[in-house]
Structures are given as C-alpha cells and as structure tokens.
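Okay, structure first, notes after.
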Amino acid sequence: MRTTLWALEGLEHLFFGNGQRVARRNAWTAVLEDRRRARARHEAETVLNAASDRRTLLTSRS
C-alpha cells in the first residue's frame, strides 16, 4: 500500500505544478474536516435526542 502511495505521489509531481498539488491537498484537508464536523454533529444530535427521550419519559410518568 505504501509503495502505491509513493508511486502516485511521484506521478503527481510529474504531472502537476506545485500550485495544483497544494490546492488538491487543501481541498482534501477541507473534505476531511467536513467529515469530522459531520461526525461530531451526528454524535451531538444522538446525545441530545437521548436526553430529550429520557426527559419525555420522566415527565410522562408523573
């Protein structure tokens, strides 16, 4: 797997200018950050929904 990555990076250096490499890496970093934020939002939503369900159960028992 590592050898394949090195081969692809070598081709990238051959075909793309430095600016394009930086732009592609910045775009990929943005994608990864968006995924991280989406995961965090999903986890927060799950916790809030669970808390809301618990509160509903407690108030309906009274």
Side-chain angles (χ1 to χ4, degrees):
M1 185 71 183
R2 188 48 125 171
T3 310
T4 304
L5 179 62
W6 289 337
L8 290 173
E9 286 177 348
L11 288 173
E12 180 185 53
H13 286 287
L14 275 174
F15 292 120
F16 297 124
N18 193 38
Q20 287 177 321
R21 281 194 305 271
V22 170
R24 188 181 62 79
R25 288 195 182 121
N26 287 345
W28 183 245
T29 300
V31 167
L32 294 177
E33 183 61 22
D34 286 346
R35 289 178 182 177
R36 186 196 63 76
R37 281 195 301 267
R39 223 176 1 259
R41 269 195 314 274
H42 177 71
E43 290 171 3
E45 184 179 356
T46 302
V47 168
L48 290 172
N49 285 340
S52 174
D53 291 346
R54 246 184 246 128
R55 190 175 314 133
T56 304
L57 284 174
L58 290 174
T59 56
S60 66
R61 289 182 182 176
S62 304

*Between the main-chain N or O of L48 and the side-chain N or O of S52, is there a donor-acceptor pair closer than 3.5 Å?*
no
*In Å, rounded to the nearest 0.5 Å, how long is the span from CD of E9 to OG1 of T4?*
11.0 Å
*ILVMFWY cluster membership beyond V31 - transitive side-chain contacts under 4.5 angstrom*: W28, L32
_Lys/Arg N to Asp/Glu carboxylate O, R39 vs E43, below 4.0 Å_ = no
*Look up atom CZ in R25 and atom CD in Q20, then write down how far apart they are to the nearest 0.5 Å.*
12.0 Å
